[in-house]
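Position 1 is the first residue of the sequence, and the numbers go up from there. Every number for a ligand or one of its atoms is a count from 1 in the order of the listing.
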Amino acid sequence: MEIIKGIGVSPGVVICPAVVLDAEDLVIPRRTIDPAGVETETSRLNDAFAKARSDLQTLRNDLTASHSKDIASIFDFHIGLLNDKSLLNQITTEIRHHHTSAEYAVSLAMRKLAGTFLQMKDSYLADRVKDIYDIEKRVLRNLIGTQHESLAHLDHDVVVIAHDLLPSQTAALDKKHVRGFACDVGGRTSHTAIVARAMGIPAVVGLGSITSAVSGGDTVIIDGTRGMVIVNPDEDQLKEHKEYERRHVRLEAELASIAHLPAQTLDGHNVSLLANIEFPSEIDDALARGAMGIGLYRTEFLYMASETEPTEQDHYQAYIDAVRRLKGRPLVIRTLDLGADKYVHGKGPVKEANPFLGDRSIRMCLHNLPMFKNQLRAILRASIEGDVRIMFPMITTVMELRQAKMVLNDVMEELEDEGVGFNKEIPVGMMVEVPSAALMANHFAREVNFFSIGTNDLIQYTLAVDRTNEKVAGLFTPAHPAVLALIRDVIRAANRNGIPVSVCGEMAGEPLYTLLLLGLGLNIFSMNGPDIPEVKKIIRSITTEQARQVARKVLSFDSERQVMHYLREETRKILPEVF
Ligand code: PEP
Ligand code: MG
């Protein structure tokens, strides 16, 4: 029995046998072969490629059937590369001429290819490097013969243990049988964690060395609520956690029953609870959990799931799909927020020394106008069919906002010239997720129709803590008085200028902060669908005056520990099952 502590990123408890995914890199067993073995080696190579192709094709087909084409198309790039004859020829030539092992030749060729992609000017292509590592691992696994436990063909419930989960691996998790996951690395607001919460399965990340502590088939308890994993638990722990598991299931059922009750405080104050999504296919589930619309559509996932740069029509199809599912409810489409951990996180060299401070998000869009305009055209075209709103991410300066709005105006003029319909009054908002924007909220409020506070990045940039780095995860907290002061001021600036303001970072879905945010005057919360019922339950159990008192008290504290301790005590009184 071993207990490993990490960061609980998606609540709940699950007890299951483990499937362990490979750690960082596979070990290449040997570099050279006997010249007489060249034929055997090339035939091993061909078999490994063929198996990788057919596994991916099967995975793609299964995903198309069970999820959506959006998600399944993640594998188009992989399959295309495996079908590339020149790549296979290059590896074969290496084996024939230099008598290298197939494993070594594959690794050489893939690393070279990755290097070439990294040099590319087109940032989209450069960022496919992660997929190349993914393909390399797949082929190497076939060659080395490491038993690769496929997540696509499970016939029993499992928990997944991995060093890190690549976006393609996370998207491919079979929701029916994958009941939870645990990773060596990652932080609470890493995008893998966000996807876990969207799927509603318990997850713990930042565990350090969970992959070396667990073997396939071990019984594992993943406790996403308390942020720990127990490997091969004893009888007492099993009994205790089975009870937690039952309690969590009961709580979920109870919370589901309030999905369609209004998010209204005891004194009759209505609050808007919206959902965050990565794909339009998540909307139905979010609505079933009580979402009143979508407060954050992370459109960059369209890029991450696609083989080539999405066309205007690809964007349009996604947006119109979302609009139609929402039937008149609001849809806040955030323009591309690529860069940083979306594309370039994880293995392999990165192009920028500090990608979170680099050419990401709105900066990347303003450097790549054709890409940006394609997206804006599609958003505008979809706007005539529903309540569509545009939101620019990571605005740091007033000039940047004005530039983005100018591009939007250009696109509107183009559409008008072409006689294409769109909503000329489309609301235009911005994310407040950089301290400079928060500090200047009063100025910005005069130039946009709404604000949405992105606490994930706001915390990262205010406290100088990489949101994806488990080593500093202890420092990453919304409870820091400096972060709270910024949030308070942004809400005040919005209210003073008469524009709506929401919080769409993970903080909005954490029940610990519901009382505080409401007390600070927040009326719109946007969160992962599964978080909605708990937050609603708190809202329905309090008065606005109670919340205001809590906020006043919290603002008098000077340490995050005091803040958290106090909020835990206050929230426990309302939702003792959770705290
Ligand atoms: C945020 O930064 O809080 C946010 C909502 O955006 P993302 O998590 O996609 O960076
Ligand atoms: Mg952000």
For ligand 1, find out whether one of its N or O atoms is nearer than 3.5 Å to an N or O atom of E300.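 In this structure, E300 places no N or O atom under 3.5 Å from an N or O of ligand 1.
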State if R334 counts as touching ligand 1 under the rule of any non-hydrogen atom under 4.0 Å.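 Judged by the 4.0 Å heavy-atom criterion, R334 does count as contacting ligand 1.
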Is there a heavy atom of M394 sitting under 4.0 angstrom from any atom of ligand 1?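 No.
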Closest heavy-atom approach to atom 3 (O) of ligand 1 among N456, I459, V503 is made by N456
Can you tell me which N/O/S atom of E433 has the shortest distance to the Mg ion (ligand 2)?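 Of the nitrogen, oxygen and sulfur atoms in E433, the Mg ion (ligand 2) lies nearest to OE1.
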Is the Mg ion (ligand 2) less than 2.8 Å from at least one N/O/S atom of D457? yes
Run through [options] and flag the one making a side-chain contact (heavy atoms from CB on, under 4.5 Å) with [X].
X	options	result
T455	E433, E510, M507, E506	M507
F451	V501, V503, N497	V501
L401	M430, H443, M406	M430

What part of M431, side chain from CB on, backbone N/CA/C/O, both or neither, has a heavy atom under 4.0 Å from ligand 1?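 Under 4.0 Å from ligand 1, M431 contributes side-chain atoms alone.
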Could you tell me which residues satisfy salt bridge (charged side-chain N to carboxylate O under 4.0 Å, His left out) with D457, sequence neighbours excluded, listed by chain and number?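 Only R360, R467 meet the salt bridge (charged side-chain N to carboxylate O under 4.0 Å, His left out) criterion with D457.
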Taking the side chain as every heavy atom from C-beta outward, state whether I524 and P500 have any pair of such atoms under 4.5 Å apart.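 Side-chain contact under 4.5 Å: yes.
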Which ligand 1 atoms, with their elements, are less than 4.0 angstrom from a heavy-atom of [X]?
X	result
G505	3 (O), 5 (C)
L296	5 (C)
R467	2 (O), 7 (P), 8 (O), 10 (O)
C504	5 (C)
D337	9 (O), 10 (O)

Could you tell me whether a side-chain N or O of K536 sits under 3.5 Å from a main-chain N or O of A259, the two making a donor and an acceptor? yes
Flag the pair R334 and E300 as a salt bridge only when some basic side-chain nitrogen lies within less than 4.0 angstrom of an acidic carboxylate oxygen. yes
Taking Y319 as the fixed residue, which of R324, R381, Q375 is the one that meets the side chain to side chain donor-acceptor pair (under 3.5 Å) rule?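 Of the listed options, the one satisfying the test is Q375.
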